[in-house]
Amino acid sequence: MKELVIEARTENLNEVLSFVDAELEKHDCSMKTQMQIDIAVEEIFVNIAHYAYNPSIGVATIRVEVEEEPLAVSLTFIDNGVPYDPLKREDPDVTLSAEERQIGGLGIFMVKKSMDDVTYDYKDGKNILTIRKTI
């Protein structure tokens with residue numbers, strides 16, 4: 001397992017993506033899968049940066065674990081911010097036009113659709129969101 005602890009600021013997104021991508025590249029992850037994971041990482045990290053500690057700034061921990069059989073990656077995002085389970089949010093009705101849809105919720109919807117598994121837990125004052133993708 002590799003771990004990065006970083007201030008939850010949008011300016012740090014590139015560092016988070018570089019950290020994740022370096023681990024994926026060690027396992028010959030396809031470009032398509034890497035892009036899906038990068039989009040999910042961006043959505044989750046930016047949401048932590050914008051909402052978890054607002055208006056303060058706190059840290060986020062990103063853990064990358066690779067499983068061998070089948071080859072898969074799990075990324076866990078941990079913050080001490082406001083408790084929030086994004087999985088409880090109702091999925092947006094994507095059959096509606098953009099004008100008819102409510103604002104928000106599309107990012108986590110995309111994460112849920114593109115990853116094999118997404119789980120949330122709130123434990124010991126920490127939000128713990130884990131995404132898993134077979135690579």
Side-chain angles (χ1 to χ4, degrees):
M1 173 185 68
K2 297 284 185 173
E3 183 174 280
L4 173 69
V5 179
I6 193 165
E7 277 193 343
R9 301 171 157 273
T10 55
E11 300 85 13
N12 290 334
L13 176 61
N14 285 337
E15 188 174 342
V16 171
L17 289 171
S18 293
F19 167 73
V20 170
D21 289 347
E23 291 305 307
L24 295 175
E25 289 166 7
K26 289 178 187 175
H27 299 281
D28 296 323
C29 182
S30 74
M31 188 54 64
K32 177 184 175 185
T33 300
Q34 185 172 333
M35 286 193 318
Q36 290 174 325
I37 292 169
D38 283 352
I39 290 168
V41 167
E42 179 176 353
E43 175 63 26
I44 295 165
F45 184 76
V46 168
N47 279 347
I48 292 170
H50 282 169
Y51 304 114
Y53 300 102
N54 195 15
S56 301
I57 296 170
V59 298
T61 301
I62 298 92
R63 290 184 182 148
V64 179
E65 295 179 76
V66 177
E67 305 159 24
E68 296 299 326
E69 287 295 323
L71 189 57
V73 64
S74 291
L75 293 108
T76 302
F77 298 81
I78 303 166
D79 68 74
N80 297 25
V82 175
Y84 179 67
D85 181 353
L87 304 181
K88 285 191 175 174
R89 184 179 183 120
E90 190 173 315
D91 289 342
D93 183 349
V94 294
T95 63
L96 297 175
S97 69
E99 294 82 27
E100 295 174 301
R101 272 189 294 222
Q102 290 185 331
I103 295 173
L106 197 54
I108 195 65
F109 175 74
M110 290 181 349
V111 170
K112 291 184 334 189
K113 291 295 182 190
S114 64
M115 297 296 109
D116 297 328
D117 191 38
V118 182
T119 60
Y120 171 83
D121 193 18
Y122 185 77
K123 187 175 182 181
D124 299 327
K126 298 178 189 311
N127 291 295
I128 305 166
L129 183 70
T130 302
I131 59 176
R132 185 179 182 281
K133 180 79 173 168
T134 301
I135 55 174

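We number each residue from 1, following the sequence as shown.
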Looking only at heavy atoms, what is the nearest atom pair of M115 and Q36, with distance? CE-O, 3.6 Å

Once rounded to the nearest 0.5 Å, what's the spacing between atom OG1 of T10 and atom CD of E42? 10.0 Å

Do the side chains of E67 and R132 get close enough for a salt bridge, i.e. N-O under 4.0 angstrom? yes

For Y120 and Y84, the nearest pair of non-hydrogen atoms, with its separation, is CE1-O, 3.0 Å

Working for side-chain contact (heavy atoms from CB on, under 4.5 Å), residues E68 and L71: CA-CA 4 Å; E68 296 299 326; L71 189 57; 4.2 Å; yes

Check whether D121 reaches the backbone of I128 with its side chain - one donor and one acceptor, N or O, closer than 3.5 Å. no

Minimal heavy-atom distance between A8 and I57, with the atoms involved, is O-CG2, 4.3 Å

Checking Q34 against D21 for the side-chain contact (heavy atoms from CB on, under 4.5 Å) test, could you report, in this order, the C-alpha distance in whole Å, the side-chain angles of both residues, the deciding distance, and whether it holds? CA-CA 7 Å; Q34 185 172 333; D21 289 347; 3.1 Å; yes

With the 4.5 Å side-chain cut-off for hydrophobic clustering, are V59 and I78 part of the same group? no

With no hydrogens and no angle check, is any side-chain donor or acceptor of K133 less than 3.5 Å from a backbone partner on S114? yes

At what distance, to the nearest 0.5 angstrom, does CG of D38 lie from CD of E43? 13.5 Å

Nearest 0.5 angstrom please: L17 CG to I62 CD1, how far? 9.5 Å

Is it true that atom CE of M31 has more than 12 heavy atoms of other residues, nucleotides or ligands lying nearer than 6.0 Å? no

Would you check, one step at a time, whether the test side-chain contact (heavy atoms from CB on, under 4.5 Å) holds for V41 with F77? CA-CA 9 Å; V41 167; F77 298 81; 3.9 Å; yes

Can you tell me which residue among V20, I6, D79 is in a side chain to side chain contact (heavy atoms under 4.5 Å, CB included) with F45? I6

Would you mind telling me which of L24, T130, I131 makes a side chain to side chain contact (heavy atoms under 4.5 Å, CB included) with L75? I131

All heavy atoms of I44 vs all of V111, minimum pair found to be CD1-CG1, 4.2 Å

Using side-chain contact (heavy atoms from CB on, under 4.5 Å), reason through V73 and H27 one step at a time and then give a plain yes or no. CA-CA 10 Å; V73 64; H27 299 281; over 6 Å; no

Between NZ of K2 and CD of E23, what distance do you get to the nearest 0.5 Å? 5.5 Å

Measuring from atom CD of E65 to atom CD of E3, what distance do you get when rounded to the nearest 0.5 angstrom? 9.5 Å

For the student: nearest non-hydrogen atoms of A60 and I48, plus distance: CB-CG2, 4.2 Å

State, to 0.1 Å, how close L87 and K112 come at their nearest heavy-atom pair, and which atoms those are. CD2-CD, 3.6 Å

Without swapping roles, check the side chain of T33 against the backbone of C29 for a donor-acceptor pair under 3.5 Å. no

Donor-acceptor pair, D116 side chain versus T134 backbone, under 3.5 Å? yes

Checking side-chain polar atoms at under 3.5 Å, does D85 have a donor or acceptor matched by the opposite partner on Y122? no

Taking L129 as the starting point, is it possible to reach F19 by hopping between hydrophobic residues whose side chains are less than 4.5 Å apart? yes

